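Take a look at the structure set out below.
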Amino acid sequence: PVTTAEELATLVEEVATRPGRPTRIHPATRVFQALRIAVNGELDALATALEASIRLLAVGGRIVVLSYHSLEDRIVKRTFAAAARGCICPPRLPLCGCGKKPTLRLVTDAPIVASDDEVAMNPRSRSAKLRVAERLGDDVGAAMREKSFGFLALLTRLRQTCCDPDMLPWQKSPLTDSGKINLLSPR
């Protein structure tokens with residue numbers, strides 16, 4: 001059995017090192033990193049902290065996150081993207097029914113990474129990725145809602161169309177070209 005960190009590092013080095021192929025970092029570095037992340041619950045803590053930070057951020061405020069490995073960066077990227085997306089309705093629905101509005105605007109589409117000069121001066125910066133997003137106000141998405149009916153507006157329009165004595169349901173409707181109302185076909 002392995003009883004010390006040094007024994008584990010030696011074992012990983014023997015198993016993971018390829019002869020004739022030098023590596024920039026020790027092969028056991030990722031093993032120890034994975035153990036630390038799992039034991040400390042770092043990825044769950046990051047996701048929780050990001051969600052809370054976005055909720056607490058003032059309108060116009062910016063959140064800046066510096067991640068040091070791909071697992072962290074993936075969580076930051078997906079959290080920011082989800083908050084910036086808005087509508088979460090299935091794409092096949094022609095109109096939004098969820099009413100979800102974007103809460104963030106991505107300031108940096110791609111992460112900012114260290115330049116070659118900076119990595120030469122500070123090798124630890126080679127894996128750092130910086131992402132920035134800005135908190136949007138509550139009225140965000142109004143233009144999006146104006147272009148397409150909101151769910152309640154759609155129901156109101158359907159009721160008006162179907163209950164208007166001059167417009168019977170099987171006649172041509174302003175919502176369709178054929179007189180049939182098909183909510184699943186994209187317009």
Side-chain angles (χ1 to χ4, degrees), residues 1-93 96-141 144:
V2 177
T3 57
T4 67
E6 188 176 342
E7 287 177 2
L8 179 59
T10 304
L11 179 65
V12 170
E13 186 176 20
E14 290 172 5
V15 173
T17 305
R18 295 181 190 167
R21 292 192 67 180
T23 59
R24 291 186 308 185
I25 59 174
H26 194 278
T29 302
R30 289 192 179 199
V31 172
F32 285 108
Q33 182 182 35
L35 288 171
R36 186 197 75 230
I37 290 169
V39 168
N40 295 337
E42 293 178 11
L43 299 180
D44 293 333
L46 173 63
T48 302
L50 281 173
E51 294 294 334
S53 299
I54 291 169
R55 277 195 316 271
L56 296 172
L57 194 63
V59 173
R62 291 190 173 187
I63 181 170
V64 179
V65 180
L66 187 60
S67 58
Y68 290 96
H69 57 81
S70 61
L71 295 174
E72 287 176 348
D73 188 56
R74 183 181 308 145
I75 291 171
V76 175
K77 177 182 177 181
R78 288 181 179 173
T79 302
F80 281 9
R85 185 176 317 116
C87 179
I88 55 172
C89 294
R92 70 172 192 236
L93 291 179
C96 174
C98 70
K100 185 177 182 305
K101 299 179 287 185
T103 55
L104 290 180
R105 177 184 69 84
L106 301 179
V107 175
T108 56
D109 290 331
I112 298 170
V113 296
S115 66
D116 292 339
D117 293 338
E118 186 174 354
V119 172
M121 290 183 339
N122 179 11
R124 289 182 175 186
S125 69
R126 73 182 177 276
S127 62
K129 292 184 179 182
L130 183 94
R131 292 186 184 270
V132 183
E134 182 178 320
R135 176 66 187 238
L136 298 173
D138 291 336
D139 62 345
V140 175
M144 190 183 311

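Residues take their numbers from the sequence shown, with the count starting at 1. What's counted below: heavy atoms across the whole structure, side chains too, no hydrogens, waters or symmetry copies. Fair warning: this is a prediction, and the values are worked out from it, not measured in the lab.
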Exercise. Taking the side chain as every heavy atom from C-beta outward, state whether Val2 and Leu11 have any pair of such atoms under 4.5 Å apart.
Key: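 In short, these two side chains touch, coming nearer than 4.5 Å.
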Measure across [X] and [Y] and return the closest heavy-atom pair with its distance rounded to 0.1 Å.
| X | Y | result |
| --- | --- | --- |
| Pro102 | Ala84 | CB-O, 3.4 Å |
| Ala28 | Ala9 | CB-CA, 3.7 Å |
| Cys89 | Cys98 | SG-N, 3.3 Å |

Table please: side-chain donor-acceptor pairs of residues 50-64 below 3.5 Å, with sequence neighbours left out.
unit_1, atom_1, unit_2, atom_2, d
Ser53, OG, Ala49, O, 2.7
Arg62, NE, Glu134, OE1, 3.2
Arg62, NH2, Glu134, OE1, 3.1

Name all residues meeting the side-chain hydrogen bond (donor to acceptor under 3.5 Å, both in side chains) criterion together with [X]; count only those two or more places apart in sequence or in a different chain, and write none if there are none.
| X | value |
| --- | --- |
| Ser67 | Asp73 |
| Thr3 | Glu7 |
| Arg30 | none |

Exercise. Under the side chain to side chain contact (heavy atoms under 4.5 Å, CB included) rule, collect the residues that match up with Ser70, sequence neighbours excluded.
Key: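 So Ser70 forms no side chain to side chain contact (heavy atoms under 4.5 Å, CB included) with any residue.
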Quiz item: Roughly how far, to the nearest 0.5 Å, is OG1 of Thr79 from NZ of Lys77?
Solution: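 Interatomic distance, Lys77 NZ to Thr79 OG1, rounded to 0.5 Å: 12.0 Å.
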Quiz item: Are Val12 and Val31 close enough, and set up right, to give a side-chain contact (heavy atoms from CB on, under 4.5 Å), and what steps lead you there?
Solution: CA-CA 8 Å; Val12 170; Val31 172; 4.0 Å; yes
Pair up each side-chain donor or acceptor in residues 32-46 with any protein partner under 3.5 Å, not counting sequence neighbours, and list the distances.
unit_1, atom_1, unit_2, atom_2, d
Arg36, NE, Glu42, OE2, 2.9
Arg36, NH2, Glu42, OE1, 3.2
Asn40, ND2, Arg36, O, 3.4
Asn40, ND2, Glu42, OE2, 3.3

Using atom types as modelled, flag every donor-acceptor pair under 3.5 Å from a side chain in residues 106-124 to any protein atom, sequence neighbours excluded.
unit_1, atom_1, unit_2, atom_2, d
Thr108, OG1, Val132, N, 3.0
Ser115, OG, Glu118, N, 3.2
Asn122, OD1, Arg124, N, 3.4

Quiz item: Short question: side chain of Thr29, backbone of His26 - any donor-acceptor pair under 3.5 Å?
Solution: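 Yes, because the side chain of Thr29 sits within donor-acceptor range (under 3.5 Å) of the backbone of His26.
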